[in-house]
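In what follows, a single structure is set out as structure tokens and then discussed.
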Amino acid sequence: TGQVQIRYIKERTYRISMDKALAAFQGKNIRRTWFNGEWWFSVVDVVGVLTESVDAKDYWYRLKQRELESAGIELSTICRQMKLTAEDGKLRGTDCGNTEALFRIIQSIPSPKAEPFKLWLAKVGYERVQEIQNPELAQKRMKELYKEKGYSEDWIEKRVRGIAIRDELTDEWKKRDVGTEREY
């Protein structure tokens with residue numbers, strides 16, 4: 001069906017339909033569009049879900065002002081205006097952010113509903129620092145994720161070997177100065 005399930009802290013599950021322009025988050029729709037090889041999400045929709053604000057547009061406006069005044073950070077610089085279908089069915093310019101931008105915006109939202117995201121971001125950041133210090137942890141985590149997705153031990157080992165072999169091959173090509181896609 002083209003659906004992906006993302007397991008999240010405290011057993012909350014969010015479904016993202018990969019073949020539609022809406023993502024469902026806790027039963028609420030978040031408009032999105034595919035641009036330059038990645039998903040861009042409506043910031044107002046995300047802010048509305050995380051804050052349960054009556055006027056999400058106003059909340060987003062005030063959040064941008066507060067961040068500029070307190071931290072000197074202009075959140076709108078990490079967003080792009082994109083045409084998304086509005087409630088009236090017309091295409092309207094909407095502030096959109098990619099995943100990285102949304103994570104930064106979520107960090108600025110002082111709402112109890114945003115706290116699980118912040119905790120998850122802190123956990124992932126901590127794990128990434130650990131992986132930089134000990135690269136074997138990254139491989140261990142990868143194997144655990146594949147197990148959680150239901151892959152067999154045999155498949156996982158083949159996948160890990162395939163990645164290692166591909167890395168060796170591309171490293172060798174780089175040493176030999178193979179530079180164009182055709183040569184690859």
Side-chain angles (χ1 to χ4, degrees), residues 1-9 11-25 30-43 46 67 71-84 94-109 114 116-184:
T1 64
Q3 286 213 341
V4 175
Q5 278 194 347
I6 302 171
R7 193 151 285 262
Y8 193 69
I9 294 175
E11 298 302 316
R12 293 183 182 157
T13 302
Y14 308 102
R15 299 181 199 287
I16 298 176
S17 174
M18 298 309 285
D19 56 350
K20 296 184 180 163
L22 289 175
F25 176 81
I30 297 174
R31 293 170 295 158
R32 67 183 179 160
T33 187
W34 187 256
F35 179 73
N36 282 349
E38 62 184 340
W39 285 110
W40 288 71
F41 300 87
S42 165
V43 175
V46 172
E67 282 297 299
I73 297 168
E74 202 163 324
L75 291 177
S76 52
T77 60
I78 60 175
C79 298
R80 290 185 74 115
Q81 276 282 314
M82 297 187 177
K83 298 274 185 180
L84 295 178
T94 306
D95 281 344
C96 294
N98 62 9
T99 306
E100 183 179 351
L102 287 180
F103 285 160
R104 174 59 188 93
I105 291 165
I106 289 167
Q107 290 172 352
S108 301
I109 297 175
F117 283 102
K118 293 176 186 179
L119 293 171
W120 177 74
L121 285 173
K123 181 179 181 278
V124 170
Y126 175 70
E127 288 172 354
R128 183 66 181 116
V129 169
Q130 286 179 316
E131 290 169 1
I132 291 169
Q133 293 170 348
N134 183 0
E136 291 175 10
L137 289 175
Q139 190 174 41
K140 182 180 176 187
R141 283 195 183 101
M142 177 185 64
K143 288 179 180 181
E144 289 172 2
L145 285 172
Y146 280 133
K147 282 180 191 175
E148 287 176 12
K149 289 183 174 190
Y151 291 99
S152 68
E153 291 285 337
D154 186 47
W155 185 93
I156 294 170
E157 289 306 316
K158 286 179 183 175
R159 176 75 175 142
V160 170
R161 280 196 309 272
I163 291 169
I165 290 167
R166 185 182 61 229
D167 287 347
E168 286 179 30
L169 180 62
T170 56
D171 287 346
E172 186 63 32
W173 286 342
K174 287 176 186 172
K175 285 181 195 172
R176 294 176 185 229
D177 209 23
V178 176
T180 64
E181 287 182 29
R182 184 177 174 97
E183 290 172 328
Y184 270 94

When every non-hydrogen atom of K118 is compared with those of I106, the smallest separation belongs to CE-O, 3.2 Å

For T94 and S42 the tightest heavy-atom approach is CG2-OG, 3.6 Å

Those residues at least two apart in sequence (or on a different chain) that pass ring-ring contact (aromatic ring centres under 6.0 Å, His included) with F103 are W120

Which residues satisfy the side-chain contact (heavy atoms from CB on, under 4.5 Å) test with [X], sequence neighbours excluded?
X: E74; result: L68, S76, T77
X: Q133; result: V129
X: S152; result: D154, W155
X: E38; result: W40, N98

### Message
Using side-chain heavy atoms (C-beta onward) and a distance below 4.5 Å, is I78 in contact with I105?
### Response
yes

Can you list the residues that meet the side-chain hydrogen bond (donor to acceptor under 3.5 Å, both in side chains) rule with [X], with sequence neighbours excluded?
X: R161; result: none
X: Q81; result: D95
X: Q107; result: none
X: R159; result: Y146

Hits for salt bridge (Lys or Arg N to Asp or Glu O under 4.0 Å) against K147, two or more places apart or cross-chain, chain-then-number order -> E153

Residues pairing under salt bridge (charged side-chain N to carboxylate O under 4.0 Å, His left out) where one sits in residues 100-109, two or more places apart or in two chains, turn out to be E67-R104

So salt bridge (charged side-chain N to carboxylate O under 4.0 Å, His left out) across residues 162-173, not counting sequence neighbours, yields E172-R176

Between [atom1] of [X] and [atom2] of [Y], what distance do you get to the nearest 0.5 Å?
X: K83; Y: R31; atom1: NZ; atom2: CZ; answer: 12.5 Å
X: I30; Y: L84; atom1: CD1; atom2: CG; answer: 12.0 Å
X: Q139; Y: I163; atom1: CD; atom2: CD1; answer: 8.0 Å
X: E131; Y: M142; atom1: CD; atom2: CE; answer: 10.5 Å
X: K123; Y: L119; atom1: NZ; atom2: CG; answer: 11.0 Å

